[in-house]
Each structure stands twice: as structure tokens, then as C-alpha cells.
Amino acid sequence: MRHEVKKTEGNISTVMQFVLLGFSNLSHIRGFLFGVFIAIYMIIIFGNTLIIIVSRLDPALQKPMYFFLANFSLLEMCYVSVTLPRMLANLWTQDRNISLWACATQMCFFLMLGATECFLLAVMAYDRYVAICNPLHYPLVMNQKMCVQLAVSSWIIGSPVQIGLTVQIFSLRFCDSHQINHFFCDIPPIIKLACEDTSLHEMFVYIVAMLFAAVPFMLILFSYSRIISTILKLPTASGRAKGFSTCSSHLTVVVLFFVSATVTYLRPKSSHSAGTDKLLSLFYTILTPTFNPLIYSLRNKEVIAAVRKLLLKKLV
């Protein structure tokens with residue numbers, strides 16, 4: 001296996017190509033892993049595409065909640081496509097090499113889409129907050145223009161900072177280190193390869209994580225504290241059950257995503273291990289996007305009805 005190295009001043013070697021070790025220690029079940037991950041990828045693409053189609057075509061789903069859900073489904077497909085196809089190619093070909101530029105590009109898109117997911121989840125929580133706590137003002141507040149502005153802002157708000165973070169990470173000197181003990185170019189394993197002091201870079205990572213993960217999470221907690229308070233004041237049990245059912249799917253996704261992502265990026269460096277990092281990354285990069293279509297469809301009667309209607313049209 002050939003690794004490109006560029007000589008710089010002072011006879012220091014700078015790595016121009018990395019090796020994604022991925023699941024190389026599980027080579028005896030490589031075929032099984034490939035089959036599992038390609039099946040998961042197909043489920044993610046099919047499930048989220050189905051949600052986008054029914055959200056666009058069914059008149060009953062022409063609501064802000066489903067507009068944001070369609071955006072979220074598109075985001076999940078993009079998010080998983082940053083990492084999973086590369087991992088599948090590595091498993092199939094056994095060629096784990098990735099150039100520095102390809103690695104930086106993968107990290108940059110991964111971080112930008114991760115920031116988008118944080119803010120889009122916060123926007124979806126705000127939508128539920130207005131719908132439940134201020135139902136009379138809901139059509140006025142969540143009009144089409146506001147929905148488009150919130151969605152577009154979620155997609156682009158994190159891009160400049162995440163691009164800057166990627167540039168800062170890859171400005172480090174990696175010397176002769178080239179093996180990334182991960183299945184994609186994530187921040188913790190890349191920083192481990194640096195042969196210089198990374199304390200400033202790590203502090204910047206924590207600041208960015210707090211800004212783009214902790215702040216949206218606090219906004220979500222605030223929204224749901226008001227939502228739960230309002231629901232509990234409803235006079236009937238059926239009203240309370242309906243209120244909880246409208247936001248339970250979103251709350252489930254929030255917990256799955258934020259808990260695993262927060263543990264990955266905000267836990268102390270001393271507690272990082274390659275095995276734990278891979279497991280946590282699998283959870284929020286692959287398993288959570290797999291569960292999302294199931295969570296939103298199986299727990300939402302309107303989505304189920306729309307899917308049935310679409311399928312019946314295709315069969316007739």
C-alpha cells in the first residue's frame with residue numbers, strides 16, 4: 001500500500017494521503033458488513049425519498065411541519081451519503097487510501113450537514129411550540145415565507161464556521177502519521193495524527209460544538225418545556241394524548257442524535273478510544289438516519305395515510 005508524502009522545509013514529512021482503517025480488524029466478516037451497510041443505505045434512501053414524495057404530493061401534508069420534515073429527510077440522505085458510500089467502497093475494494101483533499105472535503109461536508117441537522121431540529125421544535133402553545137397565531141407566524149427562511153437559514157448558517165474549522169484542522173502538521181483509525185474523516189481521529197500542540201484547535205472544536213450543538217439543544221429544551229407545560233394544562237386526556245403524539249416523533253429523533261453526537265465531541269480527550277468513537281459515530285451517522293423514516297412514519301397517522309394513498313394509486 002503506497003502512501004504519498006511530501007517533503008517540506010527542515011526535512012519534515014507531511015502526509016498527502018491517509019488510510020481509513022475502518023473495520024480492517026473485522027476483515028473476516030467483510031462481506032457480511034458490506035451486505036448490512038448497503039442494505040441500511042438503501043433503506044435510508046428509500047424511506048426518506050418516500051417521505052419527501054408524500055410530503056410534496058399529498059394535500060393533507062401541505063403544512064409547515066411536513067415541509068420541515070421533507071427538508072430533514074433530504075438532509076438525512078445527504079448526511080449519510082457523505083460517509084457511507086466511501087465506507088462501502090473501502091469494504092468492497094479493500095483500497096482504504098484517501099487523499100488529504102478528499103479527507104478535508106468529506107469532513108467539511110460532514111460538519112456543515114451536522115450543523116444543519118442541529119438547527120433544523122431546533123426549527124422543527126419551534127414549529128411544534130407555536131402550533132401547540134399559540135395555535136391561533138400559528139398560520140400567521142409559520143407562513144410560507146417564514147418557513148422557507150427558517151429552512152434556508154438552517155442549511156447555510158453553519159457553513160462559514162465549519163469551513164473555517166476544517167481549514168484549521170488540516171493546517172496541522174501530520175508528519176509521517178497517515179492511518180486514521182475510523183471509517184471516515186472525523187475530527188477526533190484526525191487531531192490524534194497531528195505531531196504538534198493541538199490544544200488551541202481542540203478548544204476551537206469545543207467552542208464550535210457548544211455553538212452549533214449545545215445552543216440548538218437548549219432552544220429545543222426550552223420549546224419542549226413550554227410544550228409539555230401547555231399539554232398538561234389541557235382539560236381532556238384525549239387532548240393531552242394527541243398533543244404528546246404530535247411531538248413525540250421529533251423528540252425521539254432529537255434524543256438519538258444529540259446524545260450520541262454530544263458524547264462524541266464534548267467528552268474529555270482522555271476518554272476517547274477508537275472503538276468507542278466508531279460505535280458512537282455509527283449510531284448518529286448511520287443508525288439514526290435509518291430509524292428516522294420509521295419513527296416519523298410509524299408514529300404519524302397522517303404520513304401512514306399518505307403512504308397508503310400513494311401506494312394504492314400506483315397499484316390501481
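- F212 and A115 get closest at one heavy-atom pair: CD2-CB, 4.0 Å.
- With rounding to the nearest 0.5 Å, the separation of CZ in R96 from CD in Q94 is 4.5 Å.
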Contacts table for residues 35-44: side-chain donor-acceptor under 3.5 angstrom, sequence neighbours left out:
residue	atom	partner	partner atom	Å
Y41	OH	S81	OG	2.8

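- By the 4.5 Å heavy-atom criterion applied to side chains, F204 and L165 are counted as neighbours.
- With sequence neighbours excluded, the residues satisfying disulfide (SG to SG under 2.5 Å) with C185 are C103.
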I'd like a table of donor-acceptor pairs (distance under 3.5 Å, sequence neighbours excluded) in which one partner is a side-chain atom from residues 146-156, with atom names and distances.
residue	atom	partner	partner atom	Å
S153	OG	Q149	O	2.7
S154	OG	L150	O	2.9
W155	NE1	N71	OD1	3.0

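- Listed by chain and residue number, nothing satisfies the ring-ring contact (aromatic ring centres under 6.0 Å, His included) test with F257 (two or more places apart in sequence, or in another chain).
- Checked against side-chain contact (heavy atoms from CB on, under 4.5 Å), Y129 has the following partners two or more places apart in sequence or in another chain: Y126, C133, N134, S223, R226, I227.
- Contacts of F68 classified as ring-ring contact (aromatic ring centres under 6.0 Å, His included), with partners at least two apart in sequence or in another chain: none.
- Contact of the L251 side chain with the Y224 side chain is registered, since non-hydrogen atoms from C-beta on lie closer than 4.5 Å.
- Taking CZ of F183 as the start and CG of L84 as the end, the distance is 8.5 Å to the nearest 0.5 Å.
- Side chain of T198 to main chain of H201: no donor-acceptor pair is present (N/O by atom type, distance under 3.5 Å, no hydrogens or angles).
- Proximity of V253 to F291: side-chain heavy atoms (C-beta onward) are nowhere separated by under 4.5 Å.
- No donor-acceptor pair closer than 3.5 Å links the side chain of Q162 to the backbone N or O of F109.
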Can you check side-chain contact (heavy atoms from CB on, under 4.5 Å) on F184 and R86, steps first, answer last?
-> CA-CA 8 Å; F184 72 100; R86 182 90 196 193; over 6 Å; no
Would I286 and M87 satisfy side-chain contact (heavy atoms from CB on, under 4.5 Å), going step by step from the backbone distance to the final call?
-> CA-CA 11 Å; I286 297 175; M87 185 173 70; 3.7 Å; yes
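- Around atom CZ of F258, more than 12 heavy atoms belonging to other residues, nucleotides or ligands sit under 6.0 Å away.
- Residues I169 and M107 are in side-chain contact: their nearest non-hydrogen atoms beyond the backbone lie under 4.5 Å apart.
- Screening residues 49-60 for salt bridge (charged side-chain N to carboxylate O under 4.0 Å, His left out) gives D58-K309 as the qualifying pairs, with residues at least two apart or on separate chains.
- F18 and F174 have perpendicular rings, their planes meeting at more than 60° on a 0 to 90° scale where under 30° would count as parallel.
- D197 and L172 get closest at one heavy-atom pair: O-CD2, 4.5 Å.
- Residues M65 and R128 have side chains in contact (heavy-atom distance under 4.5 Å, counting atoms from C-beta outward).
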Candidate pair M142 and D127, rule side-chain contact (heavy atoms from CB on, under 4.5 Å), full reasoning | CA-CA 7 Å; M142 300 304 291; D127 172 68; 3.7 Å; yes
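- Ring orientation note: the planes of F34 and W92 are tilted relative to one another, at an angle of 30° to 60°.
- Residues satisfying the ring-ring contact (aromatic ring centres under 6.0 Å, His included) criterion with W101, sequence neighbours excluded, are absent altogether.
- Panel note: side chain D186, backbone P188; no donor-acceptor pair is recorded below 3.5 Å.
- Cluster membership check: V255 does not share its hydrophobic cluster with F222, using side-chain heavy-atom separations under 4.5 Å among Ile, Leu, Val, Met, Phe, Trp and Tyr.
- To the nearest 0.5 angstrom, I180 atom CD1 is 6.5 Å from I98 atom CD1.
- By the disulfide (SG to SG under 2.5 Å) test, C78 pairs with no residue at all, sequence neighbours left out.
- Within a 6.0 Å sphere centred on CD of E196, heavy atoms belonging to other residues, nucleotides or ligands number more than 12.
- Residue pairs meeting the ring pair (Phe, Tyr, Trp, His ring centres under 6.0 Å) criterion with at least one partner in residues 72-91, sequence neighbours excluded, are Y79-F110.
- Legend: salt bridge (charged side-chain N to carboxylate O under 4.0 Å, His left out) pairs involving residues 99-125, not counting sequence neighbours: none detected.
- In this structure, OH on Y66 lies 15.5 Å from CD1 on I52, to the nearest 0.5 angstrom.
- Clustering ILVMFWY residues whenever any of their side-chain heavy atoms sit less than 4.5 angstrom apart, transitively, puts I207 in a cluster other than the one holding I190.
- Using a 4.5 Å heavy-atom threshold, the side chains of L21 and H182 count as separate.
- The line from CD1 of I53 to CG of L61 is 13.0 Å long, rounded to the nearest 0.5 Å.
- L113 CG to T285 OG1: the interatomic distance, rounded to the nearest 0.5 Å, is 12.5 Å.
- Nearest heavy atoms, N90 versus D95: OD1-O, 3.1 Å.
- Minimum interatomic distance between T166 and C108 (heavy atoms only, all atoms of both residues): OG1-CA, 3.4 Å.
- By the 4.5 Å heavy-atom criterion applied to side chains, L74 and N48 are not counted as neighbours.
- Every pair passing salt bridge (charged side-chain N to carboxylate O under 4.0 Å, His left out) that includes a residue from residues 62-85 is listed here, sequence neighbours excluded: K63-E302.
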